[in-house]
Amino acid sequence: MTPIDTEAGTDRGIRRADRARQVADVLRQQIHSGTFDRALPAESELAAEFAVSRNTVRDALALLKDEGLIERAPKVGTHVAQRKYDHGLDALRGLQETLREHGEVRNEVRAARRITPPPAVARRLRLEPGEQAVYIERLRYLGDLPLSLDLTYLAPDIGDAVIAHDLETNDIFALIEEFGGGPLGSAELALEAITADSHSAATLQMPEGGALLLLERLTKLEDGRPVDLEYIRLRGDRITMRGSLVRSIDSPDWRLI
């Protein structure tokens with residue numbers, strides 16, 4: 001039987017690989033929050049801080065290097081390679097609104113036309129059988145960095161007005177509110193991790209098989225009418241989803257925990 005490689009010290013029974021993941025999780029958060037200006041502390045300092053061996057620190061740093069977050073070189077040390085941009089999950093905002101502090105978001109409009117949508121899309125937008133929708137496909141950049149590939153289906157009355165205006169610099173949300181007669185109200189969303197197929201990878205300038213966040217969002221007007229169904233592929237190496245959650249004491253199960 002192959003011996004289990006465990007960490008020495010107080011957590012002797014914990015596998016070294018498990019400890020490395022624990023260290024990597026904390027360091028990843030620190031990188032994203034800007035704790036390290038550029039260089040990470042030396043291996044010996046990290047080992048002392050986390051109470052682990054230097055081998056465990058090296059394993060943790062190897063995980064972060066594989067994710068593209070850090071660079072390592074002999075006699076140079078470990079440095080932050082790139083940080084991710086936060087995308088909120090607790091407010092209904094477009095990408096331009098979300099990343100306003102980081103620079104200009106621009107859109108490469110790849111399609112903008114009326115189509116007969118798939119029946120599943122038509123049902124979610126409450127369209128009549130055979131009724132058309134407006135389809136928009138955009139590759140979205142922050143500066144010169146491609147961040148997301150957005151596939152959007154709009155209710156036709158609003159969609160026709162939207163595609164008659166500038167889609168290269170405007171968020172669709174702002175245009176919907178302008179032509180929909182009022183503010184957006186709410187959205188249903190699902191978020192899952194997928195791998196980048198060859199076409200998506202080439203379009204987003206990332207490795208095939210790399211991590212994508214697929215955000216499916218059905219957005220409604222204030223009166224509850226669904227008007228916008230989106231399938232958004234976000235680069236998992238450059239975007240972090242964040243939100244603030246509040247636990248309600250009115251939940252019938254909270255006392256059972």
Side-chain angles (χ1 to χ4, degrees), residues 24 28-29 31-34 62-71 79-89 91-113 115 117-118 121 133-154 159 162-163 166-176 187-219 228-243:
R28 185 185 299 105
Q29 185 277 327
I31 290 170
H32 294 331
S33 64
L63 293 173
L64 299 177
K65 185 175 185 295
D66 288 344
E67 295 175 21
L69 291 180
I70 61 172
E71 298 170 342
H79 293 79
V80 175
Q82 63 182 19
R83 291 187 175 90
K84 294 188 178 184
Y85 300 103
D86 288 347
H87 192 298
L89 281 175
L92 186 53
R93 295 191 182 99
L95 192 67
Q96 189 177 86
E97 296 171 298
T98 299
L99 300 180
R100 181 172 293 150
E101 296 179 359
H102 298 289
E104 179 187 359
V105 172
R106 61 182 178 87
N107 307 315
E108 176 188 316
V109 182
R110 301 163 64 88
R113 62 182 184 271
I115 64 166
V121 170
V134 170
Y135 174 73
I136 302 172
E137 182 175 324
R138 296 169 298 160
L139 178 59
R140 314 198 68 189
Y141 292 84
L142 179 63
D144 293 325
L145 177 70
L147 279 183
S148 75
L149 180 61
D150 297 11
L151 281 58
T152 303
Y153 299 88
L154 295 172
V162 167
I163 62 174
D166 175 24
L167 295 177
E168 294 187 356
T169 57
N170 285 313
D171 259 347
I172 286 180
F173 277 0
L175 294 174
I176 292 175
E188 301 170 8
L189 63 85
L191 179 66
E192 60 181 306
I194 63 172
T195 55
D197 59 273
S198 58
H199 174 263
S200 297
T203 302
L204 289 165
Q205 299 176 24
M206 61 182 292
E208 183 176 352
L212 287 175
L213 298 172
L214 177 62
L215 179 67
E216 175 197 311
R217 182 170 60 195
L218 178 65
T219 303
D228 179 355
L229 176 61
E230 298 172 284
Y231 298 91
I232 302 172
R233 287 167 171 79
L234 296 153
R235 285 182 56 165
D237 62 337
R238 301 312 301 265
I239 293 287
T240 296
M241 292 292 183
R242 294 192 185 277

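Values in this document were obtained by computation on a predicted structure and should not be read as measured data. Note that the numbering runs from 1 along the sequence shown for the chain.
Distance alone, capped at 3.5 Å, is enough to place a donor-acceptor pair between the Arg235 side chain and the Leu204 backbone. With Asp197 contributing its side chain and Ser200 its backbone, the two residues share a donor-acceptor pair below 3.5 Å.
Note: Tyr135 and Tyr153 have tilted aromatic rings, judged against thresholds of 30 and 60 degrees for the angle between ring planes.
In this structure, CD on Glu216 lies 10.5 Å from CD on Glu230, to the nearest 0.5 angstrom. Note that CD1 of Ile136 is 10.5 Å distant from CD1 of Ile115, once rounded to the nearest 0.5 Å. To the nearest 0.5 angstrom, Leu214 atom CG is 4.5 Å from Ile194 atom CD1. With values rounded to the nearest 0.5 angstrom, Thr203 atom OG1 is found 10.0 Å from Arg233 atom CZ. Atom-to-atom distance recorded for Glu67:CD and Arg28:CZ is 4.0 Å, nearest 0.5 angstrom.
Looking at Thr152 and Asp150, their side chains never bring a donor and an acceptor atom within 3.5 Å of each other.
Side chains of Leu167 and Asn107 form no contact here, defined as non-hydrogen atoms less than 4.5 Å apart. At least one side-chain heavy atom of Glu168 sits under 4.5 Å from a side-chain heavy atom of Val109. The closest side-chain heavy-atom distance from Thr195 to Glu208 is not below 4.5 Å.
Closest non-hydrogen pair, Leu95 versus Ser148, comes out as CD2-OG, 3.9 Å.
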As a quick check of understanding, evaluate salt bridge (Lys or Arg N to Asp or Glu O under 4.0 Å) for Glu108 and Arg106, giving each step before the final call. CA-CA 7 Å; Glu108 176 188 316; Arg106 61 182 178 87; 5.8 Å; no

